[in-house]
Amino acid sequence: MWERTLQDLIRGLRANKKDEARFIAKAVEEIRQEIKSEDMELKAGAVLKLTYTIVYLDPDEIWQLDMLGYDMSWASFHVVEVMSSPKAHLKSVGYLGAVQSFNEDTDVLMLTTNLLKKDLSSNPTDVAITLNGFSHIVTPDLARDLAPEIIAMLTHSRPHIRKRAIIAVYKLMVKYPEVTPQARPRLEERLEDTDPSVVAACVNVLCELARQNPQDYLSLAPQLFHLLTTSSNNWMLIKIVKLFGSLCPHEPRLVKKLLNPITELITTTPAISLLYECVHTCIIGGMLQGSNGASLAKTCVAKLAAFIEDTDQNLKYIALLAMTKIVPSHPHLVGEYRDTILASVSDQDISIRMRALDLVTAMVDQSNLQSIVQQLLTHLVPNTELPSAVRSLQESAEASAPRSSTAAPLTPAYRLTLAERILEMCSASMYENVTNFEWYVSVMVDLVHVSNVKIGAQIRDQLVDIACRVRGVRPYAVKVLYTLLADDALLQNAHDERSCSEALWAAAWICGEYCSELLEPQKLIPYLLQPEVSNLTPDIVAVYIQATVKVFGTWAAELGEQWDDDRLPELQEIVQAIKSRMEELVSNSNVEVQERASNALELFTFISADLKSWKPQTQAGPSTVEGFNADAPAFPKSLYLIQPLISVHELNPVAETAQSCVPVPEGLDLDEWFVAPPPEPVMEERPMGEKKKRAKKGKEKQDSGKKSDKKKKKGKEVDINSGDILTPVYDENETPEDIEERERRKAERLAQLRDDPYYILDDKPKIAAHDVDSIPVVRLDDVPSLNTRSADERLVSLRVSSHSSGSQSFVIDRNGEMPKGATSSRPSQTPPQKPGTPQTTSGTNSPYPAVLSSFPQYDVPDSDIRTATPEPIKVVRAKKGAGKKKRTKT
């Protein structure tokens with residue numbers, strides 16, 4: 001009978017690529033028949049074909065036979081039969097099948113214990129085959145039972161048996177750690193073996209074992225050092241160097257001992273793998289520290305820089321990875337190869353780009369931050385017309401930064417990573433490396449334009465943080481962010497996933513908070529009132545509303561200082577535009593936007609009414625208005641309505657430990673209810689028959705009680721808490737005397753409530769929201785004219801000066817504010833006063849906030865200030881009906 005051989009199976013697999021599954025199914029059926037044969041040659045051939053089908057069918061799809069629905073576990077017993085064959089070539093086939101198909105859950109492994117013992121005591125060929133197979137199929141039970149036989153093989157007369165036994169002992173110690181005390185001394189003896197391959201295998205095993213517990217192998221340092229200085233086997237030297245890299249952190253004296261031989265290997269060896277392992281050992285072993293390691297560090301960096309320029313991508317990758325570990329201790333040495341490193345940022349391989357970014361981020365300091373960021377920023381710039389700041393950065397970087405001849409296209413993920421790294425480098429350690437914050441603000445604005453990724457949230461947070469902490473950068477920040485608010489492209493692309501529209505939040509907030517830095521703040525208001533702003537997220541729209549109020553308040557106050565009657569039409573036009581826009585936003589679906597728009601609408605409604613009723617001094621005389629004061633200011637007083645609201649307290653950064661300094665109130669228990677929830681209703685279970693009967697009775701009662709309720713419903717509906725009449729219900733049979741008596745009792749009750757200090761009466765007339773003419777105008781006749789103030793007392797804001805890069809020294813507030821009365825371990829810094837801000841006495845502890853308004857404050861007598869709970873007041877109420885008896889409430 002003709003049988004299909006392994007060669008025939010391979011030819012058939014190659015000839016049936018289109019219908020491979022069908023061919024394999026047919027082949028497996030043939031193998032099932034062949035493997036049951038009593039002919040050991042035929043059985044071994046079937047196992048060999050089955051093993052080949054699993055392993056070599058497709059290099060990219062190992063175990064494809066199982067993936068197609070076939071399983072080899074059915075042949076496990078037959079594999080053991082082939083393993084027990086007395087012929088070496090058949091035994092090797094059986095062990096090969098066991099290695100490829102057996103695992104710890106294979107049931108027939110328990111049948112192989114005696115077989116393995118027998119083979120280990122057989123001829124050297126069988127012993128070698130058995131040791132190879134045992135290393136792969138070893139289990140804790142097999143390791144326990146075969147430990148004496150495996151350890152005895154370490155002293156075998158044949159070197160290749162000893163070498164295999166060393167590897168088997170390693171798997172023995174991993175699977176059965178209890179054997180370590182017996183196996184380790186015999187294993188260490190092999191370091192002095194006469195055969196180099198046995199020594200290399202022993203070093204390899206010790207290197208793997210030392211990864212877990214390096215301190216247990218420090219006693220082997222003399223033998224390993226002797227091998228390091230005498231051996232010429234590069235692969236063994238690599239393992240010895242790696243082993244010393246694990247031992248040096250636990251024994252500092254090894255560093256000085258290894259310095260000379262490691263340096264000699266680095267300078268003389270032609271093997272790149274050994275060279276890199278020596279450099280890596282110097283890094284992790286601490287050999288580059290101190291004066292002795294300076295020259296070694298320079299040599300290592302030079303070698304790694306040569307690897308970066310190599311065409312081999314693997315060498316370039318490991319060199320960048322190693323340089324990242326050298327940067328913290330020797331940044332100046334790595335900085336010498338900055339251009340070479342930056343060239344790798346545009347490499348075709350994304351893994352090399354990422355390692356180059358890691359290295360660039362680690363090598364940044366104050367001296368090279370700006371140049372590195374400029375060169376990285378050019379990778380984000382498209383080949384289109386750019387803003388002037390970005391274009392200048394690109395032109396300055398093209399001359400110094402070597403670019404790859406074939407730059408790879410940047411994916412969105414990589415562009416996002418690149419933009420995040422730029423922000424990370426600049427903001428590290430509270431902006432420690434930033435010396436010119438005007439430059440950094442321009443970089444963030446450029447990122448908004450060219451990043452083309454979702455980086456707006458990080459830019460927003462850093463812009464606000466810098467504007468709060470660095471006072472000197474506020475004029476330039478307001479000037480640059482003004483252009484950002486005026487950019488229509490950001491508003492149009494607000495819904496784009498790659499848009500940085502969150503940066504508009506920071507732009508609106510900063511321009512609103514520090515709008516006094518603008519020469520003409522009123523020109524910013526139209527950009528804040530654009531209809532396209534509604535396309536932004538609700539939190540940004542809310543900040544736009546707040547910024548509009550702040551900008552108008554600051555501009556109006558400045559307008560009042562230098563009032564000209566010709567400015568009235570412009571003022572009224574802007575107020576009307578703000579009112580119209582707020583009326584639209586009041587109907588917004590977001591609650592925050594609704595609230596801010598409603599508040600702003602009320603303020604500007606009042607301002608609009610005041611501007612309409614105001615008349616210039618040339619048109620109004622003392623006789624035209626009753627009680628006219630000749631000293632009244634020559635400008636509408638509503639111009640100063642908003643400015644004091646936003647300038648009472650300056651917003652400062654908060655210290656990180658500020659929250660922990662706030663004392664917890666005594667008796668505060670956040671697990672208790674402030675207001676207990678109402679009890680849940682309990683439903684009573686009733687029998688089915690009784691339920692219908694009671695429901696009927698209840699219905700009869702409900703129907704019969706309708707008329708009686710109408711008759712009994714006399715008097716009024718009264719609020720049980722306040723006693724107010726909610727809806728008066730009059731009886732049809734009520735006489736005029738009864739009505740008069742009711743009104744008399746109501747007037748008496750209201751008179752009593754006016755004397756009650758715990759009850760507040762609202763006697764103000766009701767005014768419709770749209771009835772502007774009914775709003776009362778408060779006349780501050782006693783206010784002195786603002787024109788009499790001196791120039792030092794006026795609220796004169798700082799103006800934007802011409803930008804000169806690097807000419808200004810920036811002071812950053814790193815500590816932040818602490819709660820009042822809290823003590824901090826860090827020295828406190830008193831922020832500089834704004835021009836025109838009243839100076840406060842350091843020793844005064846006033847309960848009232850500092851006021852920046854120019855109007856005189858009210859004098860409150862000390863007797864009128866309530867400092868404690870008032871004495872309870874006795875309220876005497878008349879009893880209903882008779883006025884004879886009185887009841888007293890306390």
Side-chain angles (χ1 to χ4, degrees), residues 467 474-475 477-492 494 501 503-536 538-564 566-586 588 593 595-612 635-636 638-647 795 797-800:
R474 292 173 185 173
V478 171
K479 178 182 177 181
V480 174
L481 297 178
Y482 177 92
T483 62
L484 201 63
L485 293 173
D487 189 358
D488 296 334
L490 286 177
L491 291 178
Q492 295 174 359
S501 58
L504 293 175
W505 192 102
W509 189 90
I510 293 173
C511 290
E513 189 69 23
Y514 310 110
C515 58
S516 58
E517 310 292 349
L518 293 172
L519 290 173
E520 296 177 325
Q522 74 278 10
K523 292 186 177 181
L524 179 61
I525 296 178
Y527 296 113
L528 299 174
L529 301 178
Q530 296 180 84
E532 292 80 3
V533 173
S534 301
N535 298 331
L536 302 173
D539 57 334
I540 302 178
V541 177
V543 174
Y544 266 66
I545 296 173
Q546 201 73 3
T548 303
V549 176
K550 292 178 180 179
V551 172
F552 178 84
T554 303
W555 173 63
E558 295 178 358
L559 201 61
E561 294 179 2
Q562 302 175 354
W563 176 250
D564 187 357
D566 296 336
R567 305 296 297 272
L568 182 60
E570 178 188 3
L571 183 62
Q572 290 178 334
E573 181 181 357
I574 293 179
V575 171
Q576 185 59 35
I578 296 175
K579 280 184 58 182
S580 301
R581 181 59 177 155
M582 294 304 125
E583 290 173 354
E584 297 175 4
L585 294 175
V586 163
N588 192 281
V593 176
E595 181 179 0
R596 296 199 182 190
S598 300
N599 294 338
L601 181 58
E602 294 298 327
L603 288 175
F604 285 97
T605 300
F606 182 84
I607 295 173
S608 177
D610 182 57
L611 293 179
K612 289 181 180 179
F635 55 86
S638 59
L639 297 180
Y640 284 90
L641 177 64
I642 299 178
Q643 195 266 348
L645 301 177
I646 62 177
S647 59
L795 297 175
S797 56
L798 297 177
R799 304 304 183 188
V800 178

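Numbers here simply count residues along the sequence, with the first being 1.
For V593, the side chain to side chain contact (heavy atoms under 4.5 Å, CB included) partners two or more places apart in sequence, or in a different chain, are P538, V541, A542, I545, L585, N588, N590. By the side chain to side chain donor-acceptor pair (under 3.5 Å) test, S638 is found to be paired with D610, residues two or more places apart in sequence or in another chain being considered. For L641, the side chain to side chain contact (heavy atoms under 4.5 Å, CB included) criterion is met by L603, F606, I607, not counting sequence neighbours. With sequence neighbours left out, Y544 forms a ring pair (Phe, Tyr, Trp, His ring centres under 6.0 Å) with no residue at all. The side chain to side chain contact (heavy atoms under 4.5 Å, CB included) test applied to D487 returns H449, A489, L490, not counting sequence neighbours. Every salt bridge (Lys or Arg N to Asp or Glu O under 4.0 Å) that E570 has, sequence neighbours left out, goes to R567. L645 meets the side chain to side chain contact (heavy atoms under 4.5 Å, CB included) test with no other residue; sequence neighbours excluded. Legend: residues meeting side chain to side chain donor-acceptor pair (under 3.5 Å) with W505, ordered by chain and number and at least two apart, are absent. In this structure S534 satisfies the side chain to side chain donor-acceptor pair (under 3.5 Å) test together with R581, sequence neighbours excluded. Among residues two or more places apart in sequence or in another chain, the side chain to side chain donor-acceptor pair (under 3.5 Å) test is passed with Q522 by W555.
Nearest heavy-atom pair across A508 and A547 is O-CB, 3.3 Å. Nearest heavy atom pair, residue C511 against residue V551, reads O-CG2, 4.0 Å. Here the shortest heavy-atom pairing between L504 and L484 reads CD2-O, 3.7 Å. Annotation for Q643 and G553: closest pair CB-O, 3.6 Å, computed over non-hydrogen atoms. Summarising the geometry of A467 relative to Y514, their closest heavy-atom pair is O-OH, 3.7 Å, with the distance given to 0.1 Å. Across all non-hydrogen atoms, the minimal contact from I540 to S501 is CD1-O, 3.4 Å.
Residue T548 holds its OG1 atom at 11.0 Å from CZ of R596, rounded to the nearest 0.5 Å. Here Q576 contributes atom CD and K579 contributes atom NZ; the two are 5.0 Å apart, rounded to the nearest 0.5 Å. To the nearest 0.5 Å, atom CE of residue M582 and atom CD of residue E602 are 13.0 Å apart. Considering OG1 of T605 and CD1 of I578, their distance stands at 11.5 Å, rounded to 0.5 Å. Rounded to the nearest 0.5 angstrom, Q546 CD and N599 CG are separated by 8.5 Å. Remark: E517 CD to Y482 OH distance equals 15.0 Å, nearest 0.5 Å.
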message: For a side chain to side chain contact (heavy atoms under 4.5 Å, CB included) check, start with the C-alpha distance between W563 and L571, then their side-chain angles and the critical distance, and finish with the verdict.
response: CA-CA 11 Å; W563 176 250; L571 183 62; 4.2 Å; yes
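Listed for the S608 side chain is no donor-acceptor partner under 3.5 Å among the backbone atoms of F604.
Using a 4.5 Å cut-off on side-chain heavy atoms (C-beta onward), L485 and L528 make contact. Looking at C515 and L524, their side chains never come closer than 4.5 Å, going by heavy atoms from C-beta outward.
Residue pairs meeting the salt bridge (charged side-chain N to carboxylate O under 4.0 Å, His left out) criterion with at least one member in residues 538-552, sequence neighbours excluded: E513-K550.
F635 and Y640 have tilted rings, their planes meeting at an angle from 30° to 60° on a 0 to 90° scale.
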